[in-house]
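Here the structure is a predicted model, which is why all the values come from computation and not from measurement.
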Amino acid sequence: MGPTTRARFVHNRRRRGRRGPYAAEDASDEEEDQQEASSSSSSSDEEEEEAGEGSGGEVDDDEEEEAAVEPSGKEGSPVTAARSGRKASITISLKKVCKVCKSTGHEAGFKGAVYIDCPRKPCFLCKMPGHTTLTCPHRVAMEHGVIPASRRNTNTSLDYVFQSQVKGKISMVKPQVLIPNQLECGNIKFHQRRVTCLEFHPTKNNVLLSGDKKGLLGIWDYVKLHEKTTYDSVHSCILNSMKFDTSNDGLLYTASSDGTICSTDLETGIGSSLLNLNPNGWTGPSTWRMIYGMDFNAEKGLLLVADSFGFLYLLDRRLKTRIGHPILIHKKGSKVTSLHCNPAQPEILLSSGNDHYAHIWDTRKLEPSSPFVSLAHGRVVNSGYFSPRSGNKILTTCQDNRIRVWDYIFGNLESPSREIVHSHDFNRHLTPFKAEWDPKDYSETVAVIGRYISENYNGIALHPIDFIDTSTGKLLAEVMDPDITTISPVNKLHPRDDILASGSSRSIFIWKPKTETDATEERNKEKAKEFVYGSGSRKKSNGKHDNSSDDDSDGNSVGKKKKAKKTRFTRTVKGKGKSKA
DNA sequence: AACTAATGAATCC
DNA sequence: TGGATTCCCTTAGT
């Protein structure tokens, strides 16, 4: 793959690449409809209410019902049944059994595009009992999940230090956030298995690297859509992490569940192994070491790596050798899920683990099992990141459906500054969700993360990618497209451009901000549609995107699935106060 | 349309 | 500590 400088939009979904000040404000009214649609959702089909929890505990009084069903035949007239008296019960027959709690009287699952929770289980969103996702207070659209500052408001001396020393360095004027909410292009089934990680090339602006569960490494130039390369021999199973060598753009380090760290020269494709934790091959699950967390300390030329048994390894980049002995940094036998070196002080390390902790370490004086600071979590911690510029904040993603933020790492870290309830449950079939900072956001507040639970958008269940203001917990935007009905657990924001890359199942998508012209066009289209509907004529198929490409096989371009009425799916929640532009 | 496989963490003994 | 069991809004395949 050659240098990529030409910016040709070959076969992109959206043409106009011109950026304009993005007006997020105009969404106001249709927003309402959306909400309307999502909340009232099942207006048409009335639930047969009752029968639910009211019927109480007992379950199996209905054997005889089943018996009764049989004679009356299939859709045998319930009327006659009711008439005949004793078989009246058949009218309520077809007993519902909840697939979650196995009791009768209610059913959990999708009803159209709306998922109905089992009322006997705690809320699937916030995990608290007493209500379901549909009525969860954290689901309220705009506030999507903040637990308002569990933080003490006392002004300690540390807070003073924070105010005087740190705040000055962080821009307090929030820059305008340009949300890449418009699907630009996609690469369907680029991978054979689900995507597990994404990384933008540090210098080549349009190059995206991706890894999957099989260990495949993909390189894709999303401007020259046809420029794709894959390496299938680098790893033999899950590619968990990728890091570029900051002193050599062409060199990529990869960490895998096969227990190896590899460096790959992206120009030549030549790779070499830096570490193999399973030199004797497979000798059973109790000995097989997997590598999830990895980061690069540029200052020291040091690669930090952690395995699934709780150990940290230090590798010298040049010598390609281990330094010292492995050090236990999480509960013995538990997986270390992520590592991150502080961008301002690379010797400060943040580790997250399956033992429900995130730890802060000073790599200059590593003592097994005695971190500098421990951050307790409710469940497995999927990831922990220092803020991208100052390194003064910490953002973690935990399987208890909470995103946690610590505002100042040298302050009181006993409890997080904020916990933000957000749906990103663990599911063994999904790549773990990780909230990621926006590297371009000087104020270090914006984070992006995919959402697990779906919302009903005009009759179709979609799983948006959420942009969250971590300083308030407010949902800044939810990004989605009616063609993408799968969950997007992997998301990465471009270090310089207003671009979002997302990995959803086996596909990869590129998103850009909706331009002024896009918005106008859409509005006009909407108007036209109203007109057509108003005049009673049927609308013919709506604007199909041009498929003008060569290279059919593994399809560039966005695939179609269910087609929904295409209204405004990429909804941007209006961000108040950032209208300057 | 209705099934299945793949397969990680919690829970229970 | 360790093995069996369970599971919850998955996805792509048959």
Side-chain angles (χ1 to χ4, degrees), chain A residues 38 41-42 97-103 106-129 132-136 138-139 188-196 212-215 237-238 240 257 284-288 290 292 308-310 330-337 352-357 377-382 397-401 422-433 450-457 460-464 466 480 483-490 503-508 554-555 559-562:
Chain A
S38 55
S41 66
S42 58
V97 47
C98 173
K99 67 176 180 184
V100 175
C101 74
K102 311 287 194 283
S103 79
H106 65 275
E107 265 177 312
F110 275 105
K111 210 168 193 157
V114 177
Y115 189 91
I116 308 297
D117 275 12
C118 171
R120 310 257 264 242
K121 292 281 184 173
C123 172
F124 194 68
L125 209 202
C126 74
K127 307 302 176 196
M128 305 302 277
T132 65
T133 311
L134 276 179
T135 53
C136 178
H138 299 293
R139 192 174 190 162
I188 307 295
K189 294 184 185 174
F190 183 46
H191 288 274
Q192 295 179 319
R193 293 293 177 201
R194 61 172 207 243
V195 172
T196 52
D212 74 17
K213 211 171 89 53
K214 265 253 177 72
C237 61
I238 316 180
N240 291 309
S257 287
S286 59
T287 54
W288 186 259
M290 301 178 274
Y292 286 81
S308 52
F309 288 78
H330 279 274
K331 185 179 167 193
K332 195 168 188 182
S334 76
K335 184 205 292 179
V336 179
T337 54
S352 309
N354 259 23
D355 58 358
H356 303 190
Y357 277 98
H377 288 69
R379 279 184 183 246
V380 170
V381 188
N382 286 344
T397 306
C398 179
Q399 292 184 5
D400 65 359
N401 264 1
H422 177 266
S423 174
H424 50 255
D425 278 67
F426 169 78
N427 179 316
R428 63 183 179 282
H429 308 295
L430 298 175
T431 302
F433 292 84
R451 195 193 304 173
Y452 189 170
I453 53 172
S454 61
E455 198 79 47
N456 177 9
Y457 296 97
I460 181 166
L462 299 177
H463 309 264
D466 291 328
M480 73 210 93
D483 284 335
I484 304 174
T485 56
T486 48
I487 294 172
S488 306
V490 190
S504 196
S505 186
R506 292 150 56 176
S507 303
I508 298 171
D554 55 350
K560 52 192 75 204
K561 265 190 155 174
K562 265 174 210 202

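At whole-Å resolution of the value, NE2 in A:His106 and P in C:dC9 are 14 Å apart. Whole-Å rounding puts the A:Gln192 CD to B:dA5 P distance at 21 Å. In this structure, CZ of A:Arg194 is placed 8 Å from P of B:dT7, rounded to the nearest angstrom. Whole-Å rounding puts the A:Phe433 CZ to C:dC9 C1' distance at 11 Å. Here C:dT10 presents its C1' atom at 12 Å from CG of A:Asp425, a figure rounded to the nearest Å. Put simply, CH2 on A:Trp288 is 14 Å from P on B:dG8, counting in whole angstrom units. Atom CD1 of A:Ile460 is separated from atom P of C:dC9 by 19 Å (rounded to the nearest Å). Residue A:His429 contributes atom NE2, which lies 11 Å from atom C1' of B:dT4 at whole-angstrom precision.
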Verdict with supporting geometry, A:Asn240 and A:Thr196, side-chain hydrogen bond (donor to acceptor under 3.5 Å, both in side chains): CA-CA 6 Å; A:Asn240 291 309; A:Thr196 52; 5.6 Å; no
Candidate pair A:Asp425 and A:Lys127, rule side chain to side chain contact (heavy atoms under 4.5 Å, CB included), full reasoning: CA-CA 10 Å; A:Asp425 278 67; A:Lys127 307 302 176 196; 2.6 Å; yes
Side chain to side chain contact (heavy atoms under 4.5 Å, CB included) between A:Leu462 and A:Thr485, worked out: CA-CA 5 Å; A:Leu462 299 177; A:Thr485 56; 4.2 Å; yes
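With contacts defined as side-chain heavy-atom distances shorter than 4.5 Å, the pair A:Ser488/A:His463 does not qualify.
Within the structure, a side-chain polar atom (N or O) of A:Lys335 is placed less than 4.0 Å from OP1 or OP2 of B:dA9. Phosphate contact (OP1/OP2 of B:dA6, side-chain N/O of A:Lys214, threshold under 4.0 Å): absent. Between C:dC9 and A:Arg139, no contact under 4.0 Å exists linking OP1 or OP2 to a side-chain N or O. Here A:Ser423 does not reach the OP1 or OP2 of C:dC9: none of its side-chain N or O atoms lies under 4.0 Å away.
A:Cys118 and A:His106 make their closest contact through SG-NE2, 3.5 Å (heavy atoms, listed as atom of the first residue, atom of the second, distance). Scanning all heavy atoms of the two residues, the minimum distance from A:Phe433 to A:Ile487 falls at CZ-CG2, 3.5 Å. In terms of heavy-atom proximity, A:Gln192 sits nearest to A:Asp212 at N-OD2, 3.8 Å. Taking both residues in full, the closest heavy atoms of A:Val195 and A:Ser507 are given as CG2-O, 3.9 Å, listed atom of the first, atom of the second, then distance. In plain terms, the two heavy atoms of A:His424 and A:Tyr452 that are nearest each other are CA-CB, 4.1 Å.
Residue-level contact check: A:Ser505 touches the backbone only, with heavy atoms under 4.0 Å from sugar-phosphate atoms and none from bases. Base engagement by A:Thr133 is indicated by at least one non-hydrogen atom pair under 4.0 Å involving a base atom.
Checking each of A:Val100, A:Leu134, A:Asp117 against A:Phe124 for a side chain to side chain contact (heavy atoms under 4.5 Å, CB included) leaves exactly one that passes, namely A:Asp117.
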Restricting both atoms to N or O, compile the protein contacts to nucleotides 10-13 of chain B shorter than 3.5 Å, with distance only.
unit_1	atom_1	unit_2	atom_2	d
B:dA10	OP1	A:His356	NE2	3.3

Please list, for nucleotides 6-8 of chain C, all pairs of protein and nucleotide N/O atoms separated by less than 3.5 Å.
unit_1	atom_1	unit_2	atom_2	d
C:dC7	N3	A:Arg428	NH1	3.4
C:dC8	OP1	A:Val100	O	2.9

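Closest to the side chain of A:Ile487, from the set B:dT7, C:dT11, C:dC9, is C:dT11.
Here the separation of B:dC12 from C:dC8, taken at their P atoms, is 15 Å to the nearest Å.
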